[in-house]
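The structure appears below as structure tokens.
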Amino acid sequence: LELGEALGDLGASLGASASTEHSSIELATLTRNLSATLDIFAEVLLHPGLRADELARITGRRRAALLAAKGNPGQVAARLLGPIAYGPANPRGWLTTDASLAALTPADCRQYFDGHGPVGATLFVVGDITRAQVTDHLERRLGGWRALAHVDAKPSPIAPIAGRLFLSDVPGAEQAVVAVFHPGPAR
């Protein structure tokens with residue numbers, strides 16, 4: 001609540017996301033409030049709360065969304081695409097389940113956080129600001145940022161589930177989804 005109010009007072013927003021492909025944290029602010037907003041950005045980045053009550057709130061929302069998705073053929077198809085196309089051992093094939101969300105702890109989040117620092121990250125800055133100004137702002141706030149135990153994950157090879165036709169029955173569904181998938185070129 002306090003963070004939201006501080007950002008609101010600055011006309012700023014702050015967001016974060018993570019997936020099997022990437023994690024990010026981003027801010028948007030008025031140029032005149034960049035310094036104060038970067039103070040908040042650095043605090044969130046370097047000292048995340050990782051509170052049990054917040055994790056319970058977020059996982060509770062995700063668990064409710066998973067339950068709702070079970071009755072939606074489009075969402076069922078989207079969830080099954082990864083494991084079928086990439087195999088369940090590949091991160092793109094991992095399914096978030098009610099059990100996996102229930103098992104998530106603040107310590108798991110801390111372990112993930114401690115393994116991610118600036119190495120390998122890409123910084124994007126768009127606005128009325130020079131490279132020298134950006135460097136000055138970020139060096140003062142993030143100059144000492146380091147990962148505590150970074151290990152680059154080696155993804156499992158792509159191993160699609162054998163088969164050419166997959167059917168998932170969604171009793172009582174008002175619609176049906178038919179999807180054709182072909183993987184893109186290897187990266």
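Note: hydrogens, waters and symmetry copies are ignored here, and every other heavy atom, side chains too, is used.
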Check for me, please, whether [X] and [Y] land in the same ILVMFWY cluster - side-chain distances under 4.5 Å, paths through other members count.
{"X": "L34", "Y": "L142", "value": "yes"}
{"X": "L30", "Y": "V134", "value": "no"}
{"X": "L81", "Y": "Y86", "value": "yes"}
{"X": "L123", "Y": "L46", "value": "yes"}
{"X": "L95", "Y": "I84", "value": "no"}

(Q) Could you go through L101 and L66, starting from their C-alpha distance and side-chain angles, then the distance that decides it, and tell me whether this counts as side-chain contact (heavy atoms from CB on, under 4.5 Å)? (A) CA-CA 10 Å; L101 287 169; L66 280 176; 3.6 Å; yes
Q. Could you go step by step and tell me if L50 and L55 meet the side-chain contact (heavy atoms from CB on, under 4.5 Å) rule?
A. CA-CA 7 Å; L50 304 176; L55 180 60; over 6 Å; no
Restricting to non-hydrogen atoms, name the atom on [X] and the atom on [Y] that form the minimum distance, rounded to 0.1 Å.
{"X": "A69", "Y": "V76", "value": "O-CG2, 3.5 Å"}
{"X": "G93", "Y": "P83", "value": "O-CG, 3.3 Å"}
{"X": "L80", "Y": "S168", "value": "CD1-CB, 3.7 Å"}
{"X": "L10", "Y": "A36", "value": "CD2-CB, 3.8 Å"}
{"X": "A121", "Y": "G117", "value": "CB-O, 4.4 Å"}

Q: Taking atom CG of D53 as the centre, report whether more than 12 heavy atoms of other residues, nucleotides or ligands fall under 6.0 Å from it.
A: yes
(Q) According to side chain to side chain donor-acceptor pair (under 3.5 Å), does anything in residues 59-80 pair up with another residue at least two apart or in another chain? List the pairs. (A) R63-D98
Q. After noting the C-alpha distance and the side-chain angles of L27 and L38, does the key distance pass the side-chain contact (heavy atoms from CB on, under 4.5 Å) rule?
A. CA-CA 8 Å; L27 72 83; L38 281 172; 3.7 Å; yes
For [X], check side-chain hydrogen bond (donor to acceptor under 3.5 Å, both in side chains) against everything at least two apart and list the hits.
{"X": "T130", "answer": "Q133"}
{"X": "T31", "answer": "none"}
{"X": "S13", "answer": "none"}
{"X": "E54", "answer": "R57"}

Could you check whether any side-chain heavy atom of [X] comes within less than 4.5 Å of a side-chain heavy atom of [Y], counting everything from C-beta outward?
{"X": "H137", "Y": "S35", "answer": "yes"}
{"X": "T29", "Y": "L7", "answer": "no"}
{"X": "R92", "Y": "I158", "answer": "yes"}
{"X": "W94", "Y": "S100", "answer": "no"}
{"X": "L45", "Y": "F41", "answer": "yes"}
{"X": "S17", "Y": "H22", "answer": "yes"}

Could you give the distance from [atom1] ([X]) to [atom2] ([Y]), rounded to the nearest 0.5 Å?
{"X": "H47", "Y": "F113", "atom1": "NE2", "atom2": "CZ", "result": "8.0 Å"}
{"X": "C109", "Y": "L104", "atom1": "SG", "atom2": "CG", "result": "4.5 Å"}
{"X": "R131", "Y": "D136", "atom1": "CZ", "atom2": "CG", "result": "13.5 Å"}

Residue list, side-chain contact (heavy atoms from CB on, under 4.5 Å) with [X], at least two apart or on another chain:
{"X": "P88", "value": "I161"}
{"X": "T122", "value": "F124"}
{"X": "V44", "value": "L3, L14, I25, I40"}

Using the salt bridge (Lys or Arg N to Asp or Glu O under 4.0 Å) rule, collect all pairs that involve [range], keeping only residues at least two apart or in two chains.
{"range": "residues 34-44", "value": "D39-R141"}
{"range": "residues 99-110", "value": "R110-D114"}
{"range": "residues 163-177", "value": "none"}

(Q) Test of understanding: with ring pair (Phe, Tyr, Trp, His ring centres under 6.0 Å), list the residues that count as partners of F166, not counting sequence neighbours. (A) none
